[in-house]
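Shown next, in C-alpha cells, is the structure this report addresses.
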Amino acid sequence: MEAIQHRMVEVNGINIHIAEKGKGPVILFLHGFPELWYSWRHQILALSNMGYRTVAPDLRGYGDSDIPESVDSYTCFHIVGDLVELIDVLDPHERKVFVVGHDWGAILAWFLCLFRPDKVKALVNLSVPFLRFDRNIKPVELWRAYYGSDHYISRFQEYGEIEGEFAWVSTDRVEKEFLTDFPVLLPKGKLFKRPLDEPITLPSWLSEEEANYYVTQFQKTGFTGPLNFYRNLDRNWELLKPWVGCKIETPAKFLMGDKDLVYHVPGMKDYIHNGGFQEDVPGLKEVVVLEGVDHFISMEKPSEVNQYILDFFSQFH
C-alpha cells in the first residue's frame, strides 16, 4: 500500500483527494456508499502492475476530499462535473479514460457516459445496473412504496436525523454493519438486526485493520456528505428529464453478485436478464453474475474482478 501515491487535485471549484499508481492508460475507479478510494486497493495494486495508471478519488463529501455544506451541492451534475474536470487533469492529451464504478460510483459512471460519452473509452460497472428513469414516479416514493418508511433510502432523506442516530450507535458500529451486512431496513430505535452489545464478525475478505481504515476516516468526516447523495435522488430525477429515453452507447460490461441486495430488488433480475438493460445500454457487451458474492464485489472477489476488468479493457487499446 506504501507504493500508492496520494495527492489533492482542484477540480470544479473543490479539492478532490486521489490515490494513484502506475503508468499507462488511465483507469478511473469510482467508489460507493459508505466507502472510499480504499475500496479499490486490490484493483489499484493489481492493474497498475499490468500496464495501467490506476486512479481512485474520494468522491466529494468523502474522506480527504472537500465536503461542501449545502445539500444542493451533491446533484449528479455536480459530481459528474468533478469527474469531467478530473479526467482532463489526469489525461490532458486524450481527455478520455477507462472507468470502473461500484454502487453510487456505478450510478455516476452511467451518468458520465450519458452526459459526456466522449470522456469514457469503456466502462466496467459493478453492482448497480443503469436504472431507467420513470417520468411519473419520484425515486424516493418508489422505494418507500416497495419497502416502507424504514427502508434505508427513506431514512436517509431527513437532514441530520439519521446522522444523530448513527452518532448514538457509534461510527465504528455503523461502518462495520454496512460493510458486513448492508441493512435494507433501518427501524428507528433499532437500526440494525444485531443487538448493539453483540460483536460483529467481519467477513473473510475484510480484516480488522482494513475495516478500521474506513472507521477512522468516517470518524473525522461524519456521514452527512455521503448521505447527501441520497438526498438528491428526487432532485436528480427532476434534472434528468431531458435524458429520458436516451441510450448509453459506451462499450460496457456489468458484474454483480447473486447475493447482492440490489439483485433482489423487485423486477431487477427481469430487467437485467430479459432485454430491458440491453435496450437502455446498447453498448452492453456482457453481464456476469458471480455466485455466492454479495454487494462489495471488488473486495470480496478481487482477483476475479481484476481479470474481468483487464480482459475487457484490453480490447480497446
Side-chain angles (χ1 to χ4, degrees), residues 11-12 16 18 25-33 40 43 47 52-57 59-60 74-91 94-134 139 229 232-233 235-256 262 268 271-272 275-288 297-298 305 308-317:
V11 294
N12 200 18
I16 292 285
I18 63 170
V26 175
I27 304 179
L28 180 63
F29 292 93
L30 307 176
H31 68 78
F33 174 89
W40 300 110
Q43 287 68 39
L47 291 159
Y52 289 94
R53 181 179 167 204
T54 52
V55 182
L59 297 176
R60 70 162 58 202
Y74 292 84
T75 71
C76 54
F77 290 148
H78 289 86
I79 301 153
V80 172
D82 298 345
L83 301 178
V84 169
E85 285 201 26
L86 180 58
I87 289 167
D88 291 348
V89 169
L90 295 175
D91 191 339
E94 204 176 350
R95 298 179 176 235
K96 190 172 189 174
V97 299
F98 293 110
V99 177
V100 180
H102 171 255
D103 186 78
W104 260 104
I107 295 170
L108 295 162
W110 295 123
F111 288 154
L112 177 62
C113 293
L114 203 59
F115 307 150
R116 294 298 302 272
D118 58 309
K119 293 292 175 193
V120 185
K121 294 177 184 176
L123 169 68
V124 175
N125 257 347
L126 315 179
S127 300
V128 180
F130 180 74
L131 300 173
R132 189 179 282 179
F133 321 136
D134 187 307
F229 284 56
N232 278 279
L233 281 167
R235 190 177 280 112
N236 288 344
W237 173 81
E238 291 175 12
L239 295 170
L240 288 165
K241 291 287 179 75
W243 283 270
V244 169
C246 283
K247 311 290 187 191
I248 293 177
E249 307 284 353
T250 306
K253 184 169 192 157
F254 181 68
L255 311 177
M256 186 174 221
V262 182
M268 188 63 78
Y271 173 73
I272 290 171
F277 190 13
Q278 185 72 62
E279 185 185 325
D280 291 340
V281 186
L284 185 65
K285 306 297 182 195
E286 190 183 5
V287 171
V288 178
I297 185 170
S298 65
V305 168
Y308 280 121
I309 293 169
L310 188 66
D311 290 347
F312 192 56
F313 289 164
S314 63
Q315 302 170 42
F316 300 95
H317 290 294

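Positions are given from 1, in the same order as the sequence printed here.
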Do R53 and D91 meet the salt-bridge criterion of a basic N to acidic O distance under 4.0 Å?
->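 Result for this pair is no, no salt bridge flagged.
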Specify the closest pair of heavy atoms between [X] and [Y], including all atoms of both residues, with the distance to one decimal.
X	Y	result
A109	N125	CB-OD1, 3.6 Å
F313	V99	CZ-O, 3.5 Å
Q43	S298	NE2-O, 3.1 Å
N12	G81	ND2-C, 3.5 Å
L123	C113	CD2-SG, 3.9 Å
L233	P139	O-CG, 3.7 Å

In this structure, which one of V11, L28, L90 forms a side-chain contact (heavy atoms from CB on, under 4.5 Å) with I18?
->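 Single side-chain contact (heavy atoms from CB on, under 4.5 Å) partner of I18 among V11, L28, L90: L90.
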When L59 is tested against each of D82, L83, I16 for side-chain contact (heavy atoms from CB on, under 4.5 Å), which residue passes?
->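 Output: one option passes, namely L83.
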Does K241 make a cation-pi contact with W243 (under 6.0 Å, within 45 degrees of the axis)?
->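 No, K241 does not lie over the aromatic ring of W243.
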Can a cation-pi geometry be assigned to K121 and F316, taking NZ or CZ under 6.0 Å from the six-membered ring centre and within 45° of the ring axis?
->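 No, K121 does not lie over the aromatic ring of F316.
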Tell me, please, which residues at least two apart from I107 pass side chain to side chain contact (heavy atoms under 4.5 Å, CB included).
->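 In terms of side chain to side chain contact (heavy atoms under 4.5 Å, CB included), with neighbours along the sequence ignored, I107 is linked to W104, F111, V128.
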With rounding to the nearest 0.5 Å, note down the distance linking CG in L131 to CG in L240.
->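 These two atoms lie 11.0 Å from each other.
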Exam field: side chain N236 to backbone T75, donor-acceptor pair closer than 3.5 Å |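 Not at all, since once roles are kept as given, no pair shorter than 3.5 Å links the two residues.
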Quick check: does any side chain N or O of D103 sit under 3.5 Å from a backbone N or O of F33, one acting as donor and the other as acceptor?
->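 Indeed, once roles are kept as given, a pair shorter than 3.5 Å links the two residues.
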Pair up each side-chain donor or acceptor in residues 245-256 with any protein partner under 3.5 Å, not counting sequence neighbours, and list the distances.
from : atom 1 : to   : atom 2 : distance (Å)
K247 : NZ     : E279 : O      : 3.3
K253 : NZ     : E286 : OE1    : 3.1

For the pair F115 and F77, name the ring-plane relationship: parallel under 30°, tilted 30 to 60°, perpendicular over 60°.
->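 Tilted, since the angle between the ring planes falls between 30° and 60°.
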Examine W110 together with F133 and report whether their ring centres are nearer than 6.0 Å.
->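 Here the rings of F133 and W110 have centres that are no less than 6.0 Å from each other.
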Give a yes or no on whether the ring-centroid distance for F229 and H78 is below 6.0 angstrom.
->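 Distance test on ring centres: not under 6.0 Å, no.
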Decide yes or no on side-chain contact (heavy atoms from CB on, under 4.5 Å) for L112 and V120, but give the supporting numbers first.
-> CA-CA 8 Å; L112 177 62; V120 185; 3.7 Å; yes
Which residues share a side chain to side chain donor-acceptor pair (under 3.5 Å) with K96, sequence neighbours left out |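 So K96 forms no side chain to side chain donor-acceptor pair (under 3.5 Å) with any residue.
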